[in-house]
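What follows is a set of notes on a single structure, which appears directly below.
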Number of protein chains: 2
Amino acid sequence: MLSNASKYAIRAVLFLAENSSYHKKYGSKQIAEELEIPLSFIAKLLQQLAKAGVISSTKGPKGGFFMTPQNMQNNINSILKEIENENIFEGCFLGLPRCSDENPCPVHHIVAPFKDALWNKFQNQTILDFAREIKQNGSFLSLKGVEIKRKDLL
Amino acid sequence: MLSNASKYAIRAVLFLAENSSYHKKYGSKQIAEELEIPLSFIAKLLQQLAKAGVISSTKGPKGGFFMTPQNMQNNINSILKEIENENIFEGCFLGLPRCSDENPCPVHHIVAPFKDALWNKFQNQTILDFAREIKQNGSFLSLKGVEIKRKDLL
DNA sequence: ACAATAAAAGACCAATTGATATTTTATAGT
DNA sequence: ACTATAAAATATCAATTGGTCTTTTATTGT
């Protein structure tokens, strides 16, 4: 559903939301390493996002990417708008024409509420909210340096 | 989420389920025209599906693609297994590693039940069930020859 | 036997997405 | 001013997906 590019972008933004500030910037190289994403690829994505104002950046020594408190007030949809080149919420899941609440395809009643819930979350929760949630849930943006316990692999 | 190929394949199979029989076969050309899908593309997909036993076919004059009652007992997942080259139900929606019920990403609780419901429907309902549902709902597999009323376009 | 029909097979081409490498520009520190 | 650093810009390349075309094989009807 989401392209690799979008997933990478989201992870990178959430990483910055959690770790960066005006006084603590991250270069593409660090981010690529930390999240185990191909360097040149994430560099390009970060540039796009910076240009669009989703994140911030400064050139030169001590420069890098970071997020301001304002940046963190953006939502996930603002990331997708930049990276994804079509609206993932549009179109019938099965590709039927004129699929709608009135003319539902066989999975319409499963897909429509899902899209709705997802869109709402991507629209109404800020990036800051997401970052906090991840921290609270004990989720990982990367497995870099995470010790995997034997029992977890079974 | 689904590739074009899968969507085309599903529509074509449902069309055959609704219209074909051993005594009423359809050539790729008719199907392509009826569903407004590129001929060569759908031809290839139909061949794959026939090879896999999802649909039936015979060569030569009076030949074509069709579905037997047994074919119609297959489910949608059997189509996806042939056409889609990766399991669409696997992997974290946001691309986070080790996302699970215990380590949920911020949209896990939205995505997991959706995937579940979808998988169940694709697994437990037959193609015949789907075809019937579409007929009953008044949905369209194609807009070929469907008159669109003015009010519908507003 | 042979002509016509239609699927099967496979080679091929185009567009999109994923990924890389190179050059240019801005800035900080000396 | 000069050097080092790091983003910005851009050109390029590879892989996947989407789509087309040509040849071969099977079958039917005469």
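Keep in mind it's a predicted model, so treat the numbers as computed, not measured. Labels below follow one simple rule: chain letters A, B, ... track the order of the sequence lines, proteins then strands, and each chain is numbered from 1.
In this structure, B:L39 places its CG atom 9 Å from P of D:dC21, rounding to the nearest Å. Whole-Å rounding puts the A:K7 NZ to C:dG18 C1' distance at 13 Å. Spacing between atom OH of A:Y8 and atom P of C:dT17 amounts to 15 Å, rounded to whole angstrom units. Taking atom CG of residue A:N4 and atom P of nucleotide D:dT17, one finds them 11 Å apart after rounding to whole Å. Regarding A:Q30, its CD atom lies at a distance of 12 Å from the C1' atom of D:dT5, rounded to whole Å. Across the protein-nucleic acid pair, A:K29 atom NZ and D:dA6 atom P stand 7 Å apart, rounded to whole Å. Atom CD1 of A:I42 and atom C1' of C:dT20 are 14 Å apart (whole Å). Note: CZ (B:F41) to C1' (C:dA9) measures 17 Å, nearest angstrom.
Using cut-offs of 30° and 60° on the angle between ring planes, the pair B:F114 and A:F114 is parallel.
Cation-pi check for B:K121 over B:F130 is met; the charged atom lies under 6.0 angstrom from the ring centroid and within 45 degrees of its normal.
The minimum heavy-atom distance linking A:V54 with A:M67 is given by the pair O-CE, 3.7 Å. Between B:G138 and A:N103, the shortest heavy-atom distance links the atoms O-OD1, 3.2 Å. Pairing each heavy atom of B:L141 with each of B:E18, the nearest pair is CD1-OE1, 4.4 Å. For A:A12 against A:L35, the heavy-atom pair with the smallest separation is CA-CD1, 3.5 Å. Between B:I42 and B:A32, the closest heavy-atom pair is CG2-CB, 3.8 Å. Scanning all heavy atoms of the two residues, the minimum distance from A:I79 to A:A9 falls at CG2-CB, 3.9 Å.
Side chains of B:T126 and B:N75: a donor-acceptor N/O pair is absent below 3.5 angstrom, by distance only.
Aromatic ring centroids of B:F66 and B:Y22 lie under 6.0 Å apart.
Residues from residues 68-86 of chain B lying near DNA chain C, meaning a heavy-atom separation below 4.0 Å, are absent. Across residues 10-19 of chain B, not one residue has a non-hydrogen atom less than 4.0 Å from an atom of DNA chain C.
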Practice prompt. Summarise how protein sits on nucleotides 21-30 of chain C as a single string, 5' to 3': B when a protein heavy atom is under 4.0 Å from the base, S for sugar-phosphate-only contact, - for no contact.
Written response: B---BBBB--
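Nucleic acid contact for A:F66: none, since no nucleic acid atom lies under 4.0 Å from a heavy atom of the residue.
Hydrophobic cluster membership differs between A:I10 and A:L39, with clusters built from Ile, Leu, Val, Met, Phe, Trp and Tyr side chains linked at under 4.5 angstrom.
The side chain of B:A5 lies closest to D:dG18 when the candidates are D:dG18, C:dA19, C:dA8.
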Discussion item. Before you tell me yes or no, could you show the steps for B:E84 and B:S6 under side chain to side chain donor-acceptor pair (under 3.5 Å), namely the whole-Å CA-CA distance, both residues' side-chain angles and the distance that decides it to 0.1 Å?
Written reply: CA-CA 6 Å; B:E84 205 76 25; B:S6 292; 2.2 Å; yes
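In the interface, the side chain of A:Q47 is paired with the base of D:dA8 through a donor and an acceptor atom under 3.5 Å apart.
Proximity of A:S28 to the phosphate of D:dA6: no side-chain N or O atom is located under 4.0 Å from OP1 or OP2.
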